Amino acid sequence: MGFDQIHNLLTHLETRSRWHQRQQYQQAVTAWAAIVGPVVAAQTRPVTIYRNVLQVATSSASWAQTLVFERKRILKKLNDQIETPLDDIRFSTAQWRAARAAARRDSTSVTSTLWQGHPSRLPQPLQPASPPADSPQAAYENWAASIQARSRHLPLCPRCQCPAPPGELERWSMCATCAAKEW
């Protein structure tokens, strides 16, 4: 097969509507997180484009309802980022499980990225699991010992004197529990 034949094949594919729709979808997916922000992106997944309408799966009906009110703003920003503008966006929980399973396969998911920078995240990994206990009391004692060992090196909250992750103290000058009580 010569290069002319490959060029002709690619040209033919590019002129087909499904190829164009797939390119439009890829552009929308690439721009999605930047347009809606990391919090909304963690709760939504663009699924497909059908009749020039972007179908977006949401984690819950309340997210779908909330985003319906923001749909025109999101659509305007999205159309500024893609070559061929979309007509509308539809939000639904119908395909969330399938979209979530596909996103799980992606190691760079937005949720894991958010957790990496969260102030409550502990700097060191958790201790290895202790051997299985033979009674509920022994299980509790194993758990309590691992919690004490994990929090032994954490700084203390200035208000309640309990161990707290350093990120919480840097962000709020107190632990998350004290910050929540103050709010």
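Remember, it's a predicted structure, so these values are computed and weren't measured experimentally. Hydrogens, waters and symmetry mates are skipped; everything else that's a heavy atom, side chains included, is used.
- Looking only at distances, no side-chain donor or acceptor of Thr48 sits under 3.5 Å from a matching main-chain atom of Tyr50.
- Partners of Lys77 by side-chain contact (heavy atoms from CB on, under 4.5 Å), not counting sequence neighbours, listed by chain and number: Ile35, Arg73.
- Applying the side-chain contact (heavy atoms from CB on, under 4.5 Å) rule to Pro163 yields the partners Ser151, Leu154, Leu156; only residues at least two apart in sequence or on another chain are considered.
- Gln65 CD: 12 or fewer foreign heavy atoms inside a 6.0 Å radius.
- In this structure, the salt bridge (Lys or Arg N to Asp or Glu O under 4.0 Å) partners of Glu182, at least two apart in sequence or on a different chain, are Arg159.
- Partners of Asn52 according to the side-chain contact (heavy atoms from CB on, under 4.5 Å) rule, which considers only residues two or more places apart in sequence or in another chain, are Gln24, Leu86, Asp87.
- For Trp32, the side-chain hydrogen bond (donor to acceptor under 3.5 Å, both in side chains) partners at least two apart in sequence or on another chain are Thr44.
- Of the possible donor and acceptor atoms, none in the side chain of Gln55 sits under 3.5 Å from a partner among the backbone N and O of Pro46.
- Listed by chain and residue number, nothing satisfies the salt bridge (Lys or Arg N to Asp or Glu O under 4.0 Å) test with Lys181 (two or more places apart in sequence, or in another chain).
- A donor-acceptor pair under 3.5 Å is formed between the side chain of Tyr25 and the backbone N or O of Val47.
- Side-chain contact between Arg71 and Arg90: present, with at least one pair of heavy atoms (C-beta onward) separated by less than 4.5 Å.
- The salt bridge (charged side-chain N to carboxylate O under 4.0 Å, His left out) pairs that include a residue from residues 54-66 number zero, where partners must be two or more places apart or lie in different chains.
- Within the structure, the salt bridge (charged side-chain N to carboxylate O under 4.0 Å, His left out) test picks out no pair touching residues 23-32 (sequence neighbours left out).
- Partners of Glu168 under the side-chain hydrogen bond (donor to acceptor under 3.5 Å, both in side chains) rule, at least two apart in sequence or in another chain, are Ser120.
- Under the rule for a side-chain contact (heavy atoms from CB on, under 4.5 Å), the partners of Cys160 that lie at least two apart in sequence or sit in another chain are Cys157, Cys162, Cys175, Cys178.
- The side-chain hydrogen bond (donor to acceptor under 3.5 Å, both in side chains) test applied to Ser92 returns no partner, not counting sequence neighbours.
- For Asp80, the salt bridge (Lys or Arg N to Asp or Glu O under 4.0 Å) partners at least two apart in sequence or on another chain are Lys76.
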